[in-house]
Amino acid sequence: MLRIHASFSAIIALFASAPAALASRPRIASAECPAHPCVIMGAHAQHIVPMAAATPSRPRTGAEIRAAFLDFYEQRGHQRVASASLVPEDPTVLLTIAGMLPFKPVFLGQAPRPAPRATSSQKCIRTNDIENVGRTARHHTFFEMLGNFSFGDYFKSEAIQWAWELSTVVFGLDPRNLVVSVFREDDEAAAIWRDGVGVNPKRIVRMDEADNFWASGPTGPCGPCSEIYYDFKPELGDDGIDLEDDSRFIEFYNLVFMQYNRDAGGALTPLANRNIDTGMGLERMAQILQAVPNNYETDLIYPLIETAAALASVDYRALEGQGQTSLKVIADHSRAITQLIGDGVTASNLGRGYILRRLLRRVVRHGRRLGIDKPFLTAMGEAAITLMAEAFPQLLARREVILAELEREEARFLETLERGEKLLAEVLAARPSQISGAQAFELYDTYGFPLELTEEIAQEHGLSVDLAGFEAAMDAQRQRAKAAAVSLDLTVQDAIAQVVAEHEATEFRGYAQLEHPCCVLALVVNGEPAPAAVAGDAVQLVLDTTPFYGEGGGQVGDRGLLSGTAADGAEELLVTIDAVSRNRSVFVHSGRLERGRLAVGDLLLAQVDRACRRRAQANHTATHLLQAALKQVVDPAIGQAGSLVDFDRLRFDFHCPRAVSPSELDQIETLINGWIAEAHELAVEEMEIERAKAAGAVAMFGEKYAEVVRVVDVPGVSMELCGGTHVANTAEIGLFKIVSETGVAAGIRRIEAVAGPAVLAYLNERDAVVRALGDRFKAQPGEIVERVAALQEELKGTQKALAAARGELALAKAAALAAGAESLGAFQLLVARLDGVEGAGLQSAAQGLQEQLGAGAAVVLGGQPDAADAGKVVLVAAFGSDVIAAGAKAGAFIGGIAKLCGGGGGGRPNLAQAGGRDAAALDGALAAAAQELQGLLAAD
RNA sequence: GGGGAAUUAGCUCAGCUGGUAGAGCGCUGCAAUCGCACUGCAGAGGUCAGGGGUUCGAGUCCCCUAUUCUCCA
């Protein structure tokens, strides 16, 4: 719990700071560029054409630019790396926000380099500038970042020369249209540009730290950057160049020279291994080479604008600014949401799921703004898949999933809108002079109804919305969330992280052996790194090699023992291990030193608890069978969303838009138990990932796998990539039983089940319940349901009969009382005691009497409803319409009377009820009631 | 992770500051019809999500749990 929370705060912290930390580098696709030098298309095209009037071999389309970039660097020894998922491996960020993110562990020295040099076109998503999308020429949520990387290999000179060569020769940009920037103090880079490349010194601009110095955080690797800008107005000359002038310059290539390490004190020390990290916005280069006024009109995005325009029956060119913006937003976001779902994100109210939902709803809103009045997201999704399928073929494989998710989410949002419109109509029905900020915020915050729609509808009614009030409420909400973010003690976590960082991957022997000698490499005692521990200490150990399975892939870590003789030979030592986790590839064994002394360097014998391991294995293999059965029975497209394999149960979460029916669950159970009975021999094999995928092995979506993967094969039934431990033969599972099927989030269902020995424990528990019920109901197990149903029926009947009898009794008693009514002028007074009738009965009795006696009747009844509760009294007053006209109100009247009995009461003028706790005072109270009524009515 | 909201008849929902649980649709029966649709009349159908608390009294107020929606991080 603590760990989860701690890491989540870290995500929030880093997510919040990441864009800022990265801001100094790729301003590409994030920087604003509002004005364009040429408003008129034709003139603009003419302006660009002389430079871009390319020889046929020059890249022009987005695909050509991407290919040219990757080819160029591949020819220069770079390994071509496919774009990583938008869902990063790095748990500290929600989405892949920059081209270098997949390589961040390499740059930070936390992971081995895949090659000395690499190049990629990385898909990215950023939402921090979402309000600017569609309004400026080049803000995007989804974009591609071309990059070339050096991991301790080449450095500044090559990076600069190649960047120049690529820009001028391959892309054919005229050197007279280019300007470069360097960090103020980076004389080395400036010299290379000037002497090595031959750039006019006047066109080398020195920039401050804010613009041209990159760091991934307050400490760690950092270094100066150098950027290449495209100059749309070279005729203005080389003097007084201001790169901040967006109307003249656009930055398209950023080179980061990672050459320092910054320590906590802020001091810079040179890095032993210097790195290169670069980024070129694909959409920007496309804009330059295609000579269009903004990124949206490049072939990477424009087809989606056309699709949206056709759906809205509008003409992009003929539209005013607002309409064009809507089309741009739809086009931009359509790429983003298609890619997000393609990478396994599903819409939700948390994390990246929430980002997806927000983008998706913005598309719908802009669609409505353009007049699209029917669902259209699947049409946009299809167009986006078609547009991007060549560069991202996996979109085709995920087509059905993407379209289904879009359809579902759009329908859900339309429901939300409908509900909001209804609520807003209620607000408007009250004919307010203005929609208050609080009302608008409630619609937005609680019901998800967009502010702009509230404004729009209010406007139709000639009303305004208190926007300042809305903002104030919004701020208050943010403050609440911030204030509630508690910081937790992370010291334990830190000690472990520190220890883990100092060690190599632990060698895992537990697939084949359950016992193995090992050496203690590091020790954490009660949360602090320590050289030794004494009996009773809570210890965490890092070993050189281990047979213990470390928690991972959903499977719980092994339990067991470490035993041996302490280094000094004095005493036997014993450690019980109750949890094993994996931190990167280092296994951390947590437990307790039961006996003896333990020190770093000790040689121990590690023994896994075989019974526990067997149970975990049965549950794990059963989980694989469950996934296979789900695919067979429910839907072949079902994908895993998470899983837990414990010793005594298993849990499997999967993507599925509806509940799995009871009959399907039966089928699944039968199928799995059939496979168990067939005694399939498992085959576990390591192979290359491509071969495994070709063989049809099921991989967890969005998961990153190494080159060589472990494939667990139940021949003919299931084949999955899995690092967990499994039974050798399905027969070892014994039995499989589904315990429950529930929903965990929109679109995700959860099945909990038991397998192996755990089934017996589960069944025993159930059996005990059934037997206890059988005893109680005097029925055989098979008859219990019937018996309970019959009893319920009987109970219901009895209750009805009782209520009827009570009513009759009350009426009978009341009828006898009617004779005791006392006339007072035109009025009939009846005050009487009626015991043994509970509240509702007394009420109907009083009302019956009042109706019987007429409009001038005032009836007051009081009594003890329950002989068992001696103190409790109930009072009822029923006044006819003439009595009320005379100024008597049953509610107020009965309240006063009830006070005499130590209670209170109230009701409406014609009928009221009250109660009290002092039965002894009842008769007195009734007498007082009679007297008071006489006074009230006589005075009239 | 933190807020807000919803959960009432088979369905869609109303139920105001605590005081006898309602509507529309659907269902059943009767009338009318050769029969159906329509119509009219009558009726059945509710542990007010579950559990605690406050109160003489809780669908209504408070707390907890579950499920769903929603906003913020």
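Order of the sequence lines sets the chain letters (A, B, ...), proteins ahead of strands, with each chain counted from 1.
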(message) Tell me which one of A/V859, A/L830, A/V831 satisfies side chain to side chain contact (heavy atoms under 4.5 Å, CB included) with A/L933.
(response)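 Only one of A/V859, A/L830, A/V831 forms a side chain to side chain contact (heavy atoms under 4.5 Å, CB included) with A/L933, namely A/V831.
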Both distances under 3.5 Å, Watson-Crick or G-U wobble: report the partner of [N], or none.
| N | value |
| --- | --- |
| B/U33 | none |
| B/G57 | none |
| B/C27 | B/G43 |
| B/C48 | none |
| B/A14 | none |
| B/C38 | none |
| B/U7 | B/A66 |

Please measure how far the [atom1] atom in [N] lies from the corresponding atom in [M], and state the result in whole Å.
| N | M | atom1 | result |
| --- | --- | --- | --- |
| B/G46 | B/C11 | C1' | 14 Å |
| B/G45 | B/U28 | P | 15 Å |
| B/U47 | B/G40 | C1' | 36 Å |
| B/G19 | B/G57 | C1' | 7 Å |
| B/G24 | B/A9 | P | 16 Å |
| B/U8 | B/A58 | C1' | 14 Å |
| B/G43 | B/U67 | P | 41 Å |
| B/A49 | B/G35 | C1' | 45 Å |

Check this for me, if you would: do [X] and [Y] make a salt bridge, where the nitrogen-to-carboxylate-oxygen distance has to be below 4.0 angstrom?
| X | Y | answer |
| --- | --- | --- |
| A/E452 | A/R369 | yes |
| A/E405 | A/R408 | yes |
| A/R368 | A/D373 | no |
| A/R362 | A/E131 | yes |

Between [options], which nucleotide gets closest to the side-chain atoms of [X]?
| X | options | value |
| --- | --- | --- |
| A/R917 | B/C71, B/C69, B/C56 | B/C56 |
| A/M474 | B/C71, B/G57, B/A73 | B/C71 |
| A/Y447 | B/C56, B/A5, B/C69 | B/A5 |
| A/Y444 | B/G57, B/A5, B/C71 | B/C71 |
| A/R361 | B/A73, B/A5, B/U70 | B/U70 |
| A/D445 | B/C71, B/U70, B/A73 | B/C71 |
| A/K422 | B/C13, B/G19, B/G57 | B/C13 |

Whole-Å gap separating [atom2] ([N]) and [atom1] ([X]):
| X | N | atom1 | atom2 | value |
| --- | --- | --- | --- | --- |
| A/R352 | B/A73 | CZ | P | 17 Å |
| A/E418 | B/U70 | CD | P | 14 Å |
| A/Q439 | B/A5 | CD | C1' | 16 Å |
| A/I355 | B/C71 | CD1 | C1' | 14 Å |
| A/Q913 | B/G18 | CD | P | 14 Å |
| A/R358 | B/C71 | CZ | P | 9 Å |
| A/E442 | B/C69 | CD | P | 19 Å |
| A/R419 | B/U12 | CZ | P | 13 Å |

At under 4.0 Å between heavy atoms, what does [X] touch on the DNA or RNA strands: base, sugar-phosphate, or nothing?
| X | result |
| --- | --- |
| A/G907 | base |
| A/L875 | nothing |
| A/G916 | sugar-phosphate |
| A/A912 | nothing |

(message) Regarding B/G2, can its base be found pairing with the side chain of A/Q477 as donor and acceptor, where the two atoms are less than 3.5 Å apart?
(response)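 In this structure, the two groups form a donor-acceptor pair.
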(request) Would you check if the distance from the ring center of A/F470 to the ring center of A/F441 is below 6.0 Å? (result) yes
(request) Tell me which of A/G906 and A/K872 sits closer to the 5' end of RNA chain B, going by the nucleotide each one is nearest to. (result)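 It is A/G906 whose nearest nucleotide is closer to the 5' end.
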(message) Both A/E426 and A/R908 contact RNA chain B. Taking the nearest nucleotide for each, which residue is further toward the 5' end?
(response) A/E426
(message) Quick one about A/D332 and A/T141 (side-chain donor to acceptor, distance below 3.5 Å, no hydrogens or angles considered), yes or no?
(response)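 Yes, A/D332 and A/T141 have a side-chain donor paired with an acceptor closer than 3.5 Å.
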(message) Please report the interatomic distance OG1(A/T96) to CG(A/L101), rounded to the nearest 0.5 Å.
(response)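 CG of A/L101 is found 5.5 Å from OG1 of A/T96.
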